[in-house]
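One-based numbering, in listed order, for ligands and for the atoms of each. All figures in this text were calculated on a predicted structure; none of them were measured in a lab.
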Amino acid sequence: MGESTSATAMDWRPTACILCSINCGLEVRTEDRSIVRVRGDKSHPGSQGYTCEKGLRVGWYQDARDRITSPMRRRPDGTYEEVGWDTAIAEVADRLGAVRDEHGGASIFYYGGGGQGNHLGGGYGRSLRTAVGNVYSSNALAQEKTGEFWVDGQLFGANRCHTTGDYEHAEVAVFLGKNPWQSHGFPRARVILKEIAKDPDRALVVIDPRRTETAAMADYHLQVKPGTDAWCLGALLKVIVEEDLVDHAFLAEHTVGFDGIAAAVAHIDVDAWSAIAGLDPELVRTVARRIGNAASVSIFEDLGIQQAPHSTLNSYLEKLLFLVTGNFGVQGGMNLHTAFVALFGGGGAAEGGNERCSPVGGHRIISGMIPAAAIPGEILTDHPDRFRAMIVESGNPVHSLPDSQRMREALAALDFVVVIDVAMTETARCADYVLPAASQFEKWECTFFTLEFPENYFHLRRPLFEPLAGTLPEPEIHARLVRALDGYTDADLAPLHAAAAEGRSAYAAAFFAAMAENPAIGRNPGLALYETLGPVLGEGNQGAAAVWGLANICFLSYTASVQRAGFASPDDLFDALLTGRGVTFTVDDYDETWNRIAWDDGRVHLVQPDLLEELGSLPAGGPPVDDAFPFVLSAGERRASTANTIMRDPGWMKNDRAGALRMNPADAARLGVGDGDPVTVETKRASAVATVETTDAMQEGHVSLPNGRGLSYPGGDGGDEVHGVAPNELTDEADVDWLAGTPHHKHVRARISALVGAES
Ligand SMILES: Nc1nc2c(c(=O)[nH]1)N[C@H]1C(S)=C(S)[C@@H](COP(=O)(O)OP(=O)(O)OC[C@H]3O[C@@H](n4cnc5c(=O)[nH]c(N)nc54)[C@H](O)[C@@H]3O)O[C@H]1N2
Ligand SMILES: Nc1nc2c(c(=O)[nH]1)N[C@H]1C(S)=C(S)[C@@H](COP(=O)(O)OP(=O)(O)OC[C@H]3O[C@@H](n4cnc5c(=O)[nH]c(N)nc54)[C@H](O)[C@@H]3O)O[C@H]1N2
Ligand code: SF4
Ligand SMILES: [Mo]
């Protein structure tokens, strides 16, 4: 291309992929306001140059043609008009203030705070929540992971005790309702999967009703019938106990309650339970022995069990499997990791918490989150404590939560809704005001998905571009709203401005003193940093300021681990992060896991009576069948061209734009349809038209649709184009786990029929 080498080297700028929780480090080249070239960043400690095909296409996010470039206000007729920022801030603050003053801050609900690539804005949003007196909140984690967090809180004492696998070293890696080939979930997933698959001394186990890309590589594929994991896991545990494959030394030293577990699985008939799960009992025994005899086992549980029947019980049985075999706190096994910022925590059996309930339905609040599926029920009622207003920040609940129709009704019933987003999303179209955010490449940004062990990584990204004209980064939006709502004044900030001018150590002293002494600062630490430390970080760096505070908390929480990573002080860590490259912020020994247990006795408490009771009363014939709806629809499969609703421009997809309904050829033959044919998919809530793709990777009776389809995007003729089925038009808010309220998105009962003649 005729450029000099040095110019080329300078042109590649560090950033990260924003399409899944792994956030692979990228190096990109830009032109004007676009990302034009992408490659993996070899210097990133987690991804080490790795990307999947999606990361290379991340420019489609930055170039989206549906960005909002002005605050939008809804007119009485439902259309939107552009208003200036000063007007929007004044009116949004006014309306939130009015709801707060009339009904109390507890009536203002907060949803979201970030997607797969952006948590910093939600961090700054804490101040807005404080200013309006917000009490109740939720986000996407409360429709997938809260059951698992609750189980962690029981076993280890606190919900923050999150287990992570060590797939790089595991002799046996088990993927339970998880297809890492497509969905990742751990760094360099495809590389590591291939390594395990080709090593004769290691084994890959996949538990999935579908022959996924991962299952096709596996040594053992337990191809369960959809919704029968509790039986499959119960049978595996029974074999391990019955054949004495448990690690007695480990159990004696580190756990309490194993006798209770042995008693609870005694009734399990391995042959019968395997049959219910559609499995050969000999294969179940073989896999149990492989797990029981391995030097190390790591297990990844994900949506295939978390969004399916017996969700929380499944999480519990999964953890018992690695615990009774002693695969915890060891290399290649499961461990408790650090967190740059606690993305979830708040509760656990040893620390109280998990005791609060939602104000209307009395739903269990886990790690501070109301079950996301319960939100409409907290609004569509005349209960005096119902939610009256909602702030949505970087979330698309109308599209992503069960029963989109009900969610739209709920938003319409509120006194006030404000959405902060980059696009006029399905949710934004239900708001009174939409505030346009700068994109994730137009501001300092990061995620708090710091879930690795023994080395853990954090990546603070520099902006690649100025904010698009008319948009603002979230800290600026929050700072303006908080000022309008009386959060703090210039007088509160003056001493911090003065200290910031003197340097970092004077600033630190002044900041921590102000936090303790001045409630206006104590309520708004992130924004106070943004306003006072931010300006001295250098031109364009203001948005990084709150991370200085977070680096201090991280250093205090994990001092030895941060020091082992080579940082002698919080400022050392912060300065490393300001380079905009991924950083290893903690280094641990496997033993460190034991220091992280929250129970006073330092042991794992194995018995959870409610879940053992659920295990004991599983229906003898397996999950109920509904003859009116003979298919099980998994609504929301991860594929090569899905990325939640982050990519709105259909142009980013290389294939499968319509988001095919995958189906076994025998089912298709019975229905008289073939590849590319339209069918009607009906559930008890709604019906939709989908396009068939036949594949023997699906078992009979099981069909699947991808996640993230059915988005509106401006088409060529000025109108909106929609590609594929929005999965939650078909789901029901009532189909949820009894304990955690997680929805059964992977297990939606459906009826399918061929669309013939004029209709098609
Ligand atoms: N390409 C891509 N990657 C992504 C995302 C994306 O949108 N696209 N999203 C990211 C997000 S937010 C998440 S949470 C993760 C989710 O990652 P995964 O959980 O891996 O994703 P899914 O494909 O939804 O579900 C996993 C598997 O569950 C299986 N399954 C369905 N029913 C059952 C059942 O009854 N039992 C069992 N055992 N399995 C069942 C499905 O066949 C599927 O293979 O992916 C992340 N990564
Ligand atoms: N039926 C079914 N439903 C599902 C799933 C399923 O498998 N099946 N999967 C579920 C899962 S696991 C998840 S995690 C959720 C995900 O669903 P959501 O949490 O709703 O999130 P995302 O689709 O990731 O989109 C986040 C929002 O952030 C916006 N955004 C992007 N960049 C920025 C920014 O810089 N600032 C701001 N303010 N906004 C920005 C995007 O436009 C989008 O509206 O979906 C869930 N829904
Ligand atoms: S989608 Fe995930 S695995 Fe793929 S490049 Fe992006 S962050 Fe990496
Ligand atoms: Mo997710």
Quiz item: So is there a nitrogen or oxygen of Q440 less than 3.5 Å from a nitrogen or oxygen in ligand 2?
Solution: yes
Quiz item: Can you tell me which residue and heavy atom of the protein come closest to atom 2 (Fe) of ligand 3, and the distance to 0.1 Å?
Solution: C20 SG, 2.3 Å
Self-check item: Closest approach of any protein heavy atom to atom 1 (S) of ligand 3, naming residue and atom
Solution: K54 CE, 3.4 Å
Practice problem: Could you tell me whether the side chains of T742 and Q306 share a donor-acceptor contact shorter than 3.5 Å? | Solution: no
Exercise. Just let me know how Q143 lines up against ligand 2, side chain, backbone, both or neither, with a heavy-atom cut-off below 4.0 Å.
Key: side chain
Quiz item: Applying the ring-ring contact (aromatic ring centres under 6.0 Å, His included) test to F387, which of Y110, Y111, Y136 qualifies?
Solution: Y136
Quiz item: Should one rank I68, T645, L303, T642 by closest heavy-atom distance to atom 23 (O) of ligand 2, which comes out on top?
Solution: T645
Practice problem: Report the part of E393 (side chain from C-beta onward, or backbone N, CA, C, O) that has a heavy atom under 4.0 Å from ligand 2; answer both or neither where that applies. | Solution: neither
Quiz item: Does the N or O separation between P727 and ligand 2 drop below 3.5 Å for any pair?
Solution: no
Quiz item: Strictly by modelled atom types, are Q182 and T212 linked by a side-chain donor-acceptor pair under 3.5 Å?
Solution: no
Quiz prompt | Heavy atom of the protein closest to atom 6 (Fe) of ligand 3 (residue, atom name, distance) | solution = C17 SG, 2.2 Å
Quiz item: Could an N or O of ligand 2 be found under 3.5 Å from any N or O of A635, whether backbone or side chain?
Solution: yes
Quiz prompt | Residues S704 and R210: side-chain donor-acceptor under 3.5 angstrom | solution = no
Quiz item: Under 4.0 Å from any heavy atom of E144, which atoms of ligand 2 are there?
Solution: 12 (S), 14 (S)
Self-check item: For atom 5 (S) of ligand 3, closest protein heavy-atom neighbour
Solution: C52 N, 3.4 Å
Quiz item: N/O/S of C24 less than 2.8 Å from atom 8 (Fe) of ligand 3?
Solution: yes
Quiz item: Starting from atom 37 (C) of ligand 2, which protein heavy atom do you reach first, and at what distance in Å?
Solution: E474 OE2, 3.2 Å
Quiz item: Do D656 and S641 have side-chain atoms, one donor and one acceptor, less than 3.5 Å apart?
Solution: no
